[in-house]
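Chain letters run A, B, ... following the sequence lines, proteins first, then strands; residues in each count from 1. Here the structure is a predicted model, which is why all the values come from computation and not from measurement.
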Amino acid sequence: MAHYYITTPIYYVNDAPHVGHAYCTVNADAMARWHRLIGDETKFLTGTDEHGQKVADAAQKNGVSPREWTDQTSRRFREAWDALNISYDDFIRTTEPRHYETVQKFLTAVYENGYIYKDVYQGLYCVSCEDYYTLESSDEGRCPIHGRELTQMQEENWFFRLSAFAEPLLQYYEDHPGFVTPETKRNEALSFIKGGLRDISITRTSISWGIPVPWDANHVFYVWYDALINYLTAIGYGRDDDETAQWWPTSHHLIGKEILRFHCVWWPAMCMAAGLDPVSHVQVHGWLLVGGQKLSKTMASEGNVKLTDIAPVVLTDEFGVDPIRYYLLRETSLGNDGDFSHEGITARYNTDLANNLGNLVARVTTIVATKCAGTGPAPEEASELRRPAESALSEAQAAWDRFAPNVALEATWGLIGATNAYLENTAPWKMEPGDALDAVMGNALEAIRLVTILASPAIPQVCATIWSRIGLEGSPTDEVFATSARWGRYRATQPIHKGEPLFPRIRANVE
RNA sequence: GGGGCCGUAGCUCAGUGGUUAGAGCAGGGGACUCAUAAUCCCUGGGUCGUGGGUUCGAUCCCCACCGGCCCUACCA
């Protein structure tokens, strides 16, 4: 059985969960659900990143210990993922003992392999950023963001010999063309490596809220250095070699474009330094940018809303869980930036979900209930819907397999459109009860059954509801995909029932 | 300042070194009435950011510029 391991970044607990986090997490969730659907042994990891100066500061400001602070904020992420029906298998917190153990084992391996050394870090410090710059990365000695004079600081640090990995990384990229997708992001990472790699400071003495360096008690690891290793913590690195071997290195990191360097340069180099193969695939996604005239008042009380101001729960409360999941997956292609707007969500909801899918289920269930004695007739082997169904199946399957949920959903909706058109052409509402009518309705029901299978990674709740409305037991995910996702398998075991509209239309601008 | 990505129909986005550049939505016309005023069919609309260059030929390759965005030692 194939193993499939997918991760999101671990989210920094200094920040409340927002739509950007949700975008990444929902995509990873849909991918995990897809792989479970096709029978892969699947592990989906998400979690929170809890070390570093900013967390310590935030805790102090709120008058609690870092531990209490991270407990509170980490919980908020879990609540957000519950609201979005995220099916993670493991939720890691970098403050857990298992993570300390793995980080120390991993970095000790890097140390013993000779890739960590002690030096004095000299840097230009910006008080406003609370951050360091090099002469090259500064604006001629001034902070490129604040424009103020940088002050010379120095600190004794342990360094990672990143510079030793330029050639091995280039070789790895050459040998693994699919390592970073999409290709534009791969090019970005490559040109960064070709531009020259500098050793990097990986420990701090100035703070204590971090993981202790095993061989030097005065230091804690720099937060990114501990954070990246979470992907190994969750699969037992240093604690259970068999488990690690099951999931690594054939794994998938889904990340945002702003952390490309850490995942596509530092992280593979770190793995090499520890004597481990790098992760096999990093899928980079773009950013959602807030567009549209204005977001509804429930989204924010003032104008000029930033995406990071919007809590996922606000959206699921207004539109429902599956519609938000659908929008996040369907609207933009993974890898490029996309547009996020209230109008956009409403449009997708009304056209794709209410008019196309919801209405299709409504019209079919009504006709079957009134003209087929309420039970679902069998489809025809040679139905004219069979061809569009089979092409939707193969296109959607291929798209899910290559991390393109938007294309998979587009293909799936193609079958919905074909089914609506099929009903127009055959006009079953004009037909008398009998075999001919039964055949038409059986074909339509079969198309709907296949749609619910293909769409279930994106909108699992609604698909399960439709599944039961068309008289099937269980849910679309209960069966073996290879045999259930084929034309002609529909057999109702329960009466068809219409039920309330799945997606009541949203009227024009609701204030 | 340095590195990188992007700029295609009213909107959101696909796409390709070569005959008439695509989809969805919105707009226009028609059909139908089973269905959530839903559905189906037909249809208008683009000097593919601007200016050069390479080429028999560029929206796609190169350069410059304009605009948006990301990174530049802890925000998806």
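When heavy atoms are screened at a 4.0 angstrom cut-off, A:D49 is found touching no nucleic acid atom at all. Residue-level contact check: A:R261 touches the backbone only, with heavy atoms under 4.0 Å from sugar-phosphate atoms and none from bases. Residue A:S333 is in sugar-phosphate contact alone, with no base atom involved, counting any heavy-atom pair closer than 4.0 Å across all strands shown. Within the nucleic acid shown, A:P428 has no heavy atom closer than 4.0 Å to any nucleic acid atom. Residue-level contact check: A:K371 touches neither bases nor backbone, having no heavy atom under 4.0 Å from any strand. Here A:G195 lies out of heavy-atom contact (under 4.0 Å) with every strand. Among the heavy atoms of the strands lying under 4.0 Å from A:L502 is at least one base atom, whether or not backbone atoms are also near. In this structure, A:F503 reaches the bases: a heavy-atom distance under 4.0 Å links it to at least one base atom across the strands shown. Looking at heavy-atom distances under 4.0 Å, A:F192 makes no contact with the nucleic acid at all. Nucleic acid contact for A:E331: sugar-phosphate only, since backbone atoms but no base atoms lie under 4.0 Å from a heavy atom of the residue. Nucleic acid contact class of A:K498 (heavy atoms, under 4.0 Å, all strands): sugar-phosphate only. Using a 4.0 Å heavy-atom cutoff across all strands shown, A:A354 reaches at least one base atom of the nucleic acid. Residue contacts shown for A:G256 are limited to sugar-phosphate atoms, with no base heavy atom under 4.0 Å away. Note on A:S201: a base of the nucleic acid sits closer than 4.0 angstrom, heavy atoms only.
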Can you list the steps and then say if A:R204 with A:F221 is a side-chain contact (heavy atoms from CB on, under 4.5 Å)? CA-CA 6 Å; A:R204 295 291 131 90; A:F221 285 111; over 6 Å; no

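In summary, the side chains of A:T7 and A:H253 do present a donor paired with an acceptor at a separation below 3.5 Å, with no hydrogens or angles considered. Looking only at atom types and distance, the side chain of A:R363 has a donor-acceptor partner in the side chain of A:N420 under 3.5 Å away. Judged by distance alone, the side chains of A:Y11 and A:T25 do bring a donor and an acceptor atom under 3.5 Å apart. For the residue pair A:E50 / A:T94, no side-chain donor-acceptor distance below 3.5 Å is found, with atom types taken as modelled. No side-chain donor from either of A:Y12 and A:H21 sits under 3.5 Å from a side-chain acceptor of the other. A:N62 and A:W69 are not linked by any side-chain donor-acceptor pair at a separation below 3.5 angstrom, with hydrogens and angles left out of the test. With hydrogens and angles left out, the side-chain atoms of A:N336 and A:S333 include a donor and acceptor closer than 3.5 Å. In this structure, a donor-acceptor pair under 3.5 Å is absent between the side chains of A:T365 and A:H497. Between the side chains of A:Y422 and A:N443, a donor-acceptor pair is found at a separation under 3.5 Å. For the residue pair A:H342 / A:E318, a side-chain donor-acceptor distance below 3.5 Å is found, with atom types taken as modelled. A:D226 and A:H99 share a side-chain donor-acceptor pair at under 3.5 Å.
Nearest to the side chain of A:I367, among B:rC34, B:rU36, B:rC70, sits B:rC34. You'll find that the side chain of A:T332 is closest to B:rC13, out of B:rC13, B:rA76, B:rC5. Taking only side-chain atoms of A:S191, from C-beta outward, the nucleotide of B:rC70, B:rU33, B:rG4 with the closest atom is B:rG4. Residue A:A421 has its side chain nearest to B:rC40 when only B:rC40, B:rC70, B:rC13 are considered. Listed nucleotides: B:rA76, B:rA73, B:rA35. Nearest to the side chain of A:R204: B:rA73. When distances are taken from the side chain of A:Y222 to each of B:rA35, B:rA73, B:rC40, the shortest belongs to B:rA73. Among the nucleotides B:rA76, B:rU39, B:rC70, the one closest to any side-chain atom of A:H18 is B:rA76. Across B:rC69, B:rC41, B:rU36, the shortest atom-to-atom separation from the side chain of A:D337 is found for B:rC69.
B:rC13 and B:rA21 are spaced 14 Å apart, taking the C1' atom of each and rounding to whole Å. As rounded to the nearest Å, B:rC6 and B:rC60 have C1' atoms that lie 14 Å from one another. A distance of about 10 Å separates the C1' atoms of B:rG45 and B:rG27, rounded to the whole Å. Comparing B:rC5 with B:rC63, their P atoms sit 10 Å apart, to the nearest whole Å. Comparing B:rC42 with B:rG22, their P atoms sit 15 Å apart, to the nearest whole Å. B:rU12 and B:rG7: their C1' atoms are spaced 14 Å apart (whole Å). The separation of B:rC56 from B:rG44, taken at their P atoms, amounts to 36 Å, rounded to a whole angstrom. Comparing the C1' positions of B:rG15 and B:rC32 gives a spacing of 35 Å, expressed to the nearest Å.
Between A:I200 atom CD1 and B:rU72 atom P there is a gap of 12 Å when expressed in whole angstrom units. Taking atom NE2 of A:H342 as the reference point, atom C1' of B:rC25 lies 17 Å away to the nearest angstrom. B:rC32 atom P lies 11 Å from atom CH2 of A:W429, rounded to whole Å. A straight line from CG of A:L353 to P of B:rC25 spans 13 Å, rounded to a whole angstrom. Atom-to-atom, CZ of A:R348 to P of B:rC11 comes out at 16 Å; the value is rounded to the nearest Å. Note: NE2 (A:H497) to P (B:rA35) measures 18 Å, nearest angstrom. Atom C1' of nucleotide B:rA76 and atom CD of A:Q283 are separated by 14 Å, given to the nearest angstrom. Between A:R330 atom CZ and B:rC25 atom P there is a gap of 10 Å when expressed in whole angstrom units.
Within the 4.0 Å cut-off from OP1 or OP2 of B:rA38, not a single side-chain nitrogen or oxygen of A:N356 is found. Using a 4.0 Å cut-off, no side-chain N or O of A:R363 falls inside it from OP1 or OP2 of B:rU36. Dashed line: the shortest gap from a side-chain N or O of A:N336 to OP1 or OP2 of B:rA14 is under 4.0 Å. The side chain of A:N425 places no N or O atom within less than 4.0 Å of a non-bridging phosphate oxygen (OP1 or OP2) of B:rC40.
Closest-nucleotide positions on RNA chain B for A:N420 and A:A347 were compared, and the one nearer the 5' end corresponds to A:A347. Residues A:K185 and A:E424 both approach RNA chain B. Their nearest nucleotides, taken by heavy-atom distance, put A:K185 toward the 5′ side.
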In dot-bracket, 5' to 3', how would RNA chain B read with Watson-Crick or G-U wobble pairs under 3.5 Å, [ ] for crossing ones and | for pairs to another strand? (((((((..((((....[...)))).(((((.......))))).....(((((..]....))))))))))))....

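Between the side chain of A:N359 and the base of B:rA35, at least one donor-acceptor pair of N or O atoms lies under 3.5 Å.
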